[in-house]
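I'd like to ask some things about the structure below.
What you see is a predicted model; the values in this text were computed from it and never measured. Atom set for the values below is all heavy atoms of this structure, side chains included, hydrogens, waters and symmetry mates excluded.
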Amino acid sequence: MITRKQLSRLGLFDAKVPRYTSYPTAPHFSNAVSPGDFASWIEAVPEGGTVSLYLHVPFCRRLCWFCACRTQGTATLGPVESYVQTLLSELDLLKAHLPRGVKLSRLHWGGGTPTLLSPGLMRALIDKVAEVAPFAEHAEFSVEIDPNEIDGERLDVLAAGGMNRASIGVQDFDEQIQATIGRPQGYDVTRRAVEMIRERGVASLNADILYGLPHQTRAKITETVQKLLSFAPDRVALYGYAHVPWMAKRQQMIPSDALPTPAERLDLFDTARRLFAWDGYAEIGIDHFATPDDGLAIAQKTGKLRRNFQGYTDDTSEVLIGLGASSISKFPQGYAQNAPATSAYTAAVREGRFATSRGHAFGGDDRLRARMIEMLMCDFRIRSEELEQDYGVSPAALKAMFSRANEQFEGLLEITEDGLFIPPEARPLTRMIARSFDAYDLSKAGHSSAI
């Protein structure tokens with residue numbers, strides 16, 4: 001049985017590692033990918049195929065101190081209205097390049113706070129997306145909803161437009177923690193938002209909570225999880241708070257001395273994990289939980305679980321197109337990211353061109369390593385047969401890679417003829433094990449604690 005001392009020796013409590021929502025990770029993107037590349041990759045989507053679409057709204061009524069996302073605060077809707085007009089123009093650009101017959105397997109609105117939009121702006125976006133591509137059968141339309149920034153009229157528009165999954169941010173229900181991270185959000189406010197969502201026939205509900213927050217204790221996270229479970233969400237993301245005040249200046253408002261130690265963070269995660277398991281939720285990857293009949297749980301059982309910039313997904317589309325400032329797209333050819341600043345993004349689209357500013361074109365063994373890391377993050381195993389068939393890698397080469405990784409982790413991994421497996425007791429190290437298959441410079445900034 002692996003011990004805390006061994007986990008510490010292997011670097012769990014002090015290593016900085018990527019979350020591996022992509023490979024290579026975003027810090028390795030460069031300006032070698034151009035708007036022309038982005039356009040050609042869109043045009044290469046097969047006619048009649050499916051794509052996923054992500055729309056980014058980088059505005060919030062107030063800026064939460066814990067958040068490291070690229071967002072901006074606004075007291076009025078003026079900047080939001082101007083931004084949506086640009087987003088509508090970008091959708092027109094996409095329509096002009098997208099091959100015939102393409103349908104949407106997933107549509108996701110994220111931010112920021114997409115529910116900051118007025119009902120009219122929401123309706124305009126929904127109508128424009130429908131002009132670009134219709135929903136495929138069993139498509140999913142999900143929206144990130146701030147319980148502090150939603151009402152019945154806006155939910156009516158979203159539900160009428162096809163929203164069938166809502167994602168609410170909770171973080172923690174403790175008032176002291178909320179005050180410390182700049183996120184006041186009462187339980188009753190959240191409960192009412194959930195009730196309004198369900199009253200409109202939106203059956204699927206996601207929720208996000210954080211561990212590792214200032215003043216957070218096992219008792220406090222237990223209370224938060226129990227309150228969250230009263231909403232019966234279909235799936236929950238249990239993310240570790242990444243304290244990076246040198247990158248996200250607003251986090252300087254959070255007192256570092258109130259943060260739990262790395263060992264305490266592990267206790268917080270394990271406390272929440274046990275509570276979800278006791279309530280019948282399946283553990284999905286490293287930080288998600290889902291009811292047995294949820295799409296994530298089914299995808300996990302059938303070997304179809306995938307990982308993208310929103311975390312774990314059951315979407316098997318090979319193309320994810322991100323629109324809006326800073327959005328990242330994924331194609332079989334590589335990644336493309338829009339200009340992060342809304343001013344640069346807006347200027348590009350108004351000139352009639354895509355706003356791609358950086359990215360990465362796959363080369364060498366990128367695809368092989370990306371799939372190996374995704375397998376580890378999703379299934380805690382690497383299946384040799386799939387890699388040999390799909391990427392032409394030899395059994396000997398794979399075994400050599402597995403052996404090097406196992407040596408690095410003191411023989412904790414299991415290597416068989418089928419591949420490599422991370423046993424349950426070693427799974428807190430999953431991101432670090434995935435890192436051992438990363439061929440890029442690991443000194444790049446932007447990585448978070450391994451736990």
Check your understanding: So, the side chain of Thr180 versus the backbone of Gln176: is there a donor-acceptor pair under 3.5 Å, distance only?
Key ->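 Yes; judged by distance alone, with no hydrogens or angles, the pair exists.
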
- [ ] Return yes if a side-chain donor-acceptor contact under 3.5 Å exists between Glu90 and Tyr345, otherwise no.
- [x]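 Checked: Glu90/Tyr345 side chains pair up, N/O donor to acceptor below 3.5 Å.
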
For this session: Please answer whether the main-chain N or O of Pro332 pairs with a side-chain N or O of Arg367 as donor and acceptor at a distance below 3.5 Å.
Result: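 Indeed, once roles are kept as given, a pair shorter than 3.5 Å links the two residues.
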
### Query
Only one of Phe38, Phe29, Trp41 clears ring-ring contact (aromatic ring centres under 6.0 Å, His included) with Tyr335; which?
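The option that passes is Phe29.
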
Side-chain touch Leu53/Leu91, heavy atoms, less than 4.5 angstrom: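 They are in contact (side-chain heavy atoms under 4.5 Å apart), so the answer is yes.
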
Looking just at side-chain N and O atoms, do Ser105 and Asp315 make a donor-acceptor pair shorter than 3.5 Å?
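The answer is yes; a qualifying pair exists.
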
Single hit among His288, Arg165, Gln310 for side-chain hydrogen bond (donor to acceptor under 3.5 Å, both in side chains) with Asn206 |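 Among His288, Arg165, Gln310, the one meeting side-chain hydrogen bond (donor to acceptor under 3.5 Å, both in side chains) with Asn206 is Arg165.
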
Please list all pairs meeting side-chain hydrogen bond (donor to acceptor under 3.5 Å, both in side chains) that have one or both residues in residues 413-429, counting only residues at least two apart or in different chains.
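Passing the test, one end in residues 413-429: Lys399-Glu417.
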
Requested in this report: Show the numbers, then the answer: is there a side-chain contact (heavy atoms from CB on, under 4.5 Å) between Met432 and Gln408?
Outcome: CA-CA 10 Å; Met432 298 180 63; Gln408 182 178 339; over 6 Å; no

Original post:
Within the distance-only criterion (no hydrogens, no angle test), does the side chain of Glu388 pair as donor or acceptor with the backbone N or O of Val393 below 3.5 angstrom?
Top reply: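 Not confirmed, Glu388 side chain does not pair with Val393 backbone.
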
Next item on the list: Run the numbers on Leu412 and Ile422 for side-chain contact (heavy atoms from CB on, under 4.5 Å), then give the verdict.
Entry: CA-CA 8 Å; Leu412 290 174; Ile422 306 176; over 6 Å; no

Check whether the side chains of Asp37 and Ser40 place a donor and an acceptor atom closer than 3.5 Å, and report yes or no.
->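 Ser40 and Asp37 do not have a side-chain donor-acceptor pair below 3.5 Å.
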
Can you check whether Gly212's main-chain N or O pairs, donor with acceptor, with Gln216's side chain at less than 3.5 Å?
->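 Yes, the answer is positive, given that a donor and an acceptor are paired below the 3.5 Å cut-off.
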
key: Distance-only polar pair, side chains of Ser256 and His243, donor-acceptor under 3.5 Å   =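 Yes, a side-chain donor-acceptor pair sits under 3.5 Å.
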
In terms of the angle between their ring planes, are Phe59 and Tyr83 parallel, tilted or perpendicular, with boundaries placed at 30° and 60°?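 The arrangement is perpendicular - the two ring planes meet at more than 60°.
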
Classify the ring geometry of His97 against Phe354: parallel below 30°, tilted from 30° to 60°, perpendicular beyond 60°.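 Taking Phe354 first and then His97, their aromatic rings sit tilted (interplane angle of 30° to 60°).
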
So, Arg358 side chain and Ala26 main chain: donor-acceptor pair closer than 3.5 Å or not?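 Here the side-chain-to-backbone pair exists.
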
task = Could you tell me the separation between the CG atom of Asn338 and the OG atom of Ser326, rounded to the nearest 0.5 Å?
result =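 Going from the CG atom of Asn338 to the OG atom of Ser326 covers 8.0 Å.
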
*Is it true that a side-chain atom of Gln300 and a backbone atom of Ala282 form a donor plus acceptor pair closer than 3.5 Å?*
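No: the side chain of Gln300 does not pair with the backbone of Ala282.
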
* For the pair Asp365 (side chain) and Leu368 (backbone), establish whether a donor and an acceptor sit closer than 3.5 Å, ignoring hydrogens and angles. =>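 No: the side chain of Asp365 does not pair with the backbone of Leu368.
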
Could you verify whether a donor N or O on one side chain and an acceptor N or O on the other, from His108 and Glu140, lie under 3.5 Å apart?
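Per modelled atom types, His108 and Glu140 side chains form no pair under 3.5 Å.
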
Indicate whether the side chain of Arg306 and that of Thr313 have a donor and an acceptor atom separated by less than 3.5 Å.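 Not at all, the side chains of Arg306 and Thr313 share no donor-acceptor pair under 3.5 Å.
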
Ring centers of Trp109, Tyr54 separated by less than 6.0 Å:
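No, the ring centres sit 6.0 Å or more apart.
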
Got a second to check how far Gln337's CD is from Lys330's NZ, nearest 0.5 Å?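 Between Gln337 CD and Lys330 NZ, I get 15.0 Å after rounding to 0.5 Å.
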
Begin from the C-alpha positions of Arg404 and Glu407 and carry the test salt bridge (charged side-chain N to carboxylate O under 4.0 Å, His left out) through to its verdict.
CA-CA 5 Å; Arg404 287 194 294 270; Glu407 182 178 352; over 6 Å; no

Answer with yes or no whether the side chains of Thr190 and Gln185 bring together a donor and an acceptor at under 3.5 Å.
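Indeed, the side chains of Gln185 and Thr190 share at least one donor-acceptor pair under 3.5 Å.
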
Measure from the side-chain N and O atoms of Arg200 to the backbone N and O of Ala159, and report whether any donor-acceptor pair falls under 3.5 Å.
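Pair absent, no side-chain N/O of Arg200 close to backbone of Ala159.
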
Spacing of Asp438 atom CG and Ile433 atom CD1 [to the nearest 0.5 Å]: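 Spacing of CG (Asp438) from CD1 (Ile433) equals 14.0 Å.
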
Notebook entry, point to check: Do the rings of Tyr187 and Phe231 sit parallel, tilted or perpendicular, given the 30° and 60° boundaries?
Noted result: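 Answer is parallel, since the angle falls under 30°.
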
Is Thr25 reaching over with its side chain to a backbone N or O of Ser22, donor-acceptor style, under 3.5 angstrom?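 Answer holds: no.
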
Supply the atom-to-atom distance Tyr20 OH to Cys378 SG, rounded to the nearest 0.5 angstrom.
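Reported to 0.5 Å precision, the distance equals 14.5 Å.
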
request  = Check whether any side-chain N or O of Thr261 sits under 3.5 Å from a backbone N or O of Glu264 as a donor-acceptor pair, and report yes or no.
outcome  =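 Between the backbone of Glu264 and the side chain of Thr261 there is a qualifying donor-acceptor contact (under 3.5 Å).
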
*Could you go step by step and tell me if Asp379 and Lys304 meet the salt bridge (charged side-chain N to carboxylate O under 4.0 Å, His left out) rule?*
CA-CA 10 Å; Asp379 306 318; Lys304 296 180 180 179; over 6 Å; no

Look up atom CG in Leu305 and atom CE in Met375, then write down how far apart they are to the nearest 0.5 Å.
->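 Leu305 atom CG to Met375 atom CE measures 12.0 Å (nearest 0.5 Å).
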
Under 3.5 Å, is there a donor on one side chain and an acceptor on the other for Asp172 and Tyr241?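 Side-chain D/A pair, Asp172 to Tyr241: absent.
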
After noting the C-alpha distance and the side-chain angles of Lys220 and Glu223, does the key distance pass the salt bridge (charged side-chain N to carboxylate O under 4.0 Å, His left out) rule? CA-CA 5 Å; Lys220 288 182 176 183; Glu223 184 175 2; over 6 Å; no

Margin query: Please report the interatomic distance CG(Asp366) to OH(Tyr391), rounded to the nearest 0.5 Å.
Written below: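 It comes to 11.0 Å.
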
- Examine the side chains of Arg183 and Gln178 and answer whether a donor and an acceptor come within less than 3.5 Å of each other.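 No, no side-chain donor-acceptor contact under 3.5 Å.
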
- Task: Could I get the full list of side-chain hydrogen bond (donor to acceptor under 3.5 Å, both in side chains) partners for Tyr281, not counting sequence neighbours?
- Result: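 side-chain hydrogen bond (donor to acceptor under 3.5 Å, both in side chains) list for Tyr281, sorted by chain: empty.
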
**Request:** Taking side-chain contact (heavy atoms from CB on, under 4.5 Å) as the test, write out the residues that go with Ala32, two or more places apart.
**Result:**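 Testing Ala32 for side-chain contact (heavy atoms from CB on, under 4.5 Å), a comparison that skips the adjacent residues, returns Ser30.
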
